[in-house]
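Down below is the structure, laid out as structure tokens.
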Amino acid sequence: MAQPDKTPPKPSFIGGQMDDVVQSCKKGWQVLRHRGPSQLQFWFIALLIGIAAGLAAVGFRLSIEWLQGVLYDAKDVRSLQEFVTDLEWYWVVLIPVVGGLITGTVLHLFTPDGRARSVAEVIEGAAMHNGRVEKRAGLASAFASMITLSSGGSTGREGPVVHLAGVISSWVSGLIKADGITGRDLLGCAVAAAVSASFNAPIAGALFALEVILRHFAVHAFAPIVIASAAGTVISRLEFGDVTEFVLPVDSVLDFYVELPAFLMLGLLCGLVAVVMMRSIFWADDLGTAFQQRTGLPRWLRPAVAGLLLGLLAIWFPHIIGVGYGTTSAALTGSLLLHEAVIFTAIKVFAVAVTMAGRMGGGVFSPSLMVGAMTGLSFGMIATGVFPEVSGSETLYALAGMGAVAAAVLGAPISTTLIVFELTGDWQTGLAVMVAVSLSSAISSQLVDRSYFLTQLERRGVHLAAGPQAYLLAMFRVANVMRGPDDPRAASEELIWEVIEEGVFIAPNATLEDAMPLFEETNRVFIPVVTLGEEGEPPTILGALFQVDALRQYNRALAATAAEEHS
């Protein structure tokens, strides 16, 4: 007799869907119970970091404005050049020289290399140091940059503010013993808040942290970064109000689509101007280093020499002093003549190069805004003069140029475009700005290592521009990957000595980046790890680095990086 079929009947379609909903709710409740409290706690920490970074950014800006007012007897720092022209020439020269002396002394005492820390070091900290930056050198750099910007330096305040925010997040990360992912997320929160507070730009601040600092758009980092960015913006608006940095004329509109090819040409021009600006800074830095080495100039005097050059230049061109938002605003409103815009552009690039080469501190974002606005205005004056019947406002070209040069210098087309919109409050001309930004970023990224910051790091031997596959090897010391003599899989001492006698060995403090080319050249399975003794003494064997171990460590790091970026 056949047994009855005991297979349970299939649920109906609606019943199956209801079961799926119930299971999803159960899983969601488990996630909320186990991960919800820690996630809320992390967001609360992000909020506190956002408030702290916002206060730091606002305090840094107020300190600069106060000290500028004292030094130059200026009632309104936005019109600083008008007050500079009323000073005796020797004061115009003396103020940046004294500022350079103070800056040089501070950096000499509190940094190992006499350099002011800025955005590049924050990017390096995010990529290679678990979201940490130097705290002591960072605080000294913030103070030195404040003196520089107050006493005639021709840079911007965003670079020091970003690093100062990184100092805050690094302190918190150390306090809570944050791992690499958490440390990077907290660093992104601090930077987003600082940028948002500096420019009253919450959207751009969040995207700047993701695009420039973390260099990925992972979902897990988005919520806390947005929370911190909003907190920084609130702090800024409580102090300065909800106002845009620049006010544009009402006729800044794109009248004809046939004008778009002109903005393509403007983008190409701005990309080249950005490259000239960046390479001028690097060339001036190399020249300053060569001069310092040849003359034996103490490094603490280098900023004072730069201050002397800036002071002499400011006698005839006072607009180079400080951040330069007054001149930028004049360009955006069309208040400059063509020859003034062209000359001011060249002089500003020279002044920025002198300031940065003098190791005086500051950032490059504000100068790039000023250079871009004047480049765009010059181009717009010519374009509207040649084709008046199909041209819109020349100030629209200034707006597009401002975004195009800044985006190329920062290597951040998305966040820079949004910063331009939020700085001006003008969202109607987005097409023109986006076209110029895209072309300038495309051409400049081919002529430098993607951006000013990544090129800075590349010049120091930190290869971040090519991606994780290029820099991850440099993060691991040979001593931490090698097999010691007590390892059961260690190489025999006899084989190790044979390889050493062939001149193949490596130091324990070397990195896997140093070791991998040796494997390629020698085709060895392992490389002895030794410390060299005195002359005539044999080296001390510490172990052996196996190629398979190095590759395994590298693959794990690549997998972890990919998992973080796509989580």
Side-chain angles (χ1 to χ4, degrees), residues 59-107 116 142-157 160 245-246 284 300-333 335-337 339-364 366-367 369-371 373-374:
F60 188 78
R61 176 176 175 176
L62 292 175
S63 298
I64 293 172
E65 293 179 353
W66 173 79
L67 191 53
Q68 277 183 335
V70 171
L71 294 176
Y72 292 101
D73 195 25
K75 305 299 185 294
D76 181 9
V77 294
R78 291 187 63 88
S79 305
L80 184 62
Q81 67 184 68
E82 297 177 8
F83 296 93
V84 173
T85 55
D86 294 334
L87 293 177
E88 296 291 343
W89 67 269
Y90 50 83
W91 285 115
V92 178
V93 175
L94 185 61
I95 290 173
V97 171
V98 174
L101 281 172
I102 297 173
T103 296
T105 302
V106 169
L107 294 177
F143 179 78
S145 297
M146 188 266 289
I147 297 297
T148 293
L149 290 167
S150 304
S151 61
S154 193
T155 48
R157 62 174 181 257
E245 195 70 48
F246 305 111
W300 57 271
L301 271 180
R302 184 167 173 169
V305 174
L308 176 62
L309 293 176
L310 291 172
L312 294 173
L313 189 62
I315 295 174
W316 292 278
F317 300 99
H319 74 280
I320 68 165
I321 290 177
V323 176
Y325 279 169
T327 307
T328 306
S329 181
L332 291 174
T333 55
S335 302
L336 299 176
L337 300 176
H339 73 277
E340 289 178 326
V342 173
I343 294 174
F344 285 3
T345 299
I347 295 298
K348 183 64 176 179
V349 170
F350 177 79
V352 174
V354 169
T355 307
M356 300 301 288
R359 311 279 171 84
M360 298 183 74
V364 295
S366 296
L369 290 178
M370 180 176 171
V371 169
M374 292 188 294

Self-check item: Set of residues satisfying side chain to side chain contact (heavy atoms under 4.5 Å, CB included) with respect to Val305, sequence neighbours excluded
Solution: Leu297
Exercise. For the residue pair Leu313 and Leu309, establish whether any side-chain heavy-atom pair is separated by less than 4.5 Å.
Key: no
Exercise. Quick one: pull up CG in Leu107 and CZ in Phe143 and give me the separation to the nearest 0.5 Å.
Key: 10.5 Å
Exercise. Can you measure from CD1 (Ile95) to CH2 (Trp91) and round to the nearest 0.5 angstrom?
Key: 7.0 Å
Quiz item: At what distance, to the nearest 0.5 angstrom, does CZ of Phe344 lie from NE2 of His339?
Solution: 7.5 Å
Exercise. For residues Val352 and Val371, determine if any side-chain heavy atom of one lies less than 4.5 Å from a side-chain heavy atom of the other.
Key: no
Quiz item: With distance as the sole test, does Ser150 use its side chain to make a donor-acceptor pair with the main-chain N or O of Ile147 at under 3.5 Å?
Solution: no
Quiz prompt | Check: Val106 and Trp300 side chains under 4.5 Å, non-hydrogen atoms | solution = no
Quiz item: Counting N and O atoms only, with roles assigned by atom type, does the side chain of Arg302 sit under 3.5 Å from a partner on the main chain of Ala357, one being a donor and the other an acceptor?
Solution: yes
Quiz item: Of the non-hydrogen atoms in Ser366 and Gly156, which two are nearest, and what is the gap between them?
Solution: CB-CA, 3.8 Å
Exercise. Specify the closest pair of heavy atoms between Gly322 and Lys348, including all atoms of both residues, with the distance to one decimal.
Key: O-NZ, 3.6 Å
Quiz item: Who pairs with Asp73 by salt bridge (Lys or Arg N to Asp or Glu O under 4.0 Å), at least two apart in sequence or on another chain?
Solution: Lys75
Quiz item: At their closest point, which heavy atom of Gly361 faces which heavy atom of Ala116, and how far apart are they?
Solution: CA-CB, 3.6 Å
Quiz item: Once you round to the nearest 0.5 Å, how far does OG of Ser151 lie from CE of Met360?
Solution: 5.5 Å
Quiz item: Which value, rounded to the nearest 0.5 Å, describes the distance between Thr327 atom OG1 and Ile347 atom CD1?
Solution: 12.5 Å
Exercise. Kindly say whether Leu337 contributes a backbone atom to a donor-acceptor pair with the side chain of Glu340 at under 3.5 angstrom?
Key: yes
Quiz item: Taking all non-hydrogen atoms of both residues, which atom of Gly362 and which atom of Ser145 are closest, and how far apart?
Solution: N-OG, 3.2 Å
Self-check item: Shortest non-hydrogen separation from Arg359 to Thr103 and the atoms involved
Solution: O-CG2, 4.2 Å
Practice problem: Apply the test side-chain contact (heavy atoms from CB on, under 4.5 Å) to residues Ile343 and Phe317: give CA-CA distance (whole Å), side-chain angles for both, the deciding distance (0.1 Å), then the verdict. | Solution: CA-CA 10 Å; Ile343 294 174; Phe317 300 99; 3.9 Å; yes
Quiz item: Do we see a donor-acceptor contact under 3.5 Å between the side chains of Thr155 and Thr355?
Solution: no
Quiz item: Taking the side chain as C-beta and beyond, is there a heavy-atom pair between Tyr72 and Ile321 under 4.5 Å?
Solution: yes
Quiz item: Side chains of Val70 and Trp66: does their closest heavy-atom pair fall under 4.5 Å?
Solution: yes
Exercise. Starting at NE2 of His319, measure out to OG of Ser154 and round the result to the nearest 0.5 Å.
Key: 7.5 Å
Self-check item: Nearest atoms (heavy-atom pairs only) where Ile315 meets Val92
Solution: N-CG1, 4.0 Å
Exercise. Check whether any side-chain N or O of Gln68 sits under 3.5 Å from a backbone N or O of Leu149 as a donor-acceptor pair, and report yes or no.
Key: yes
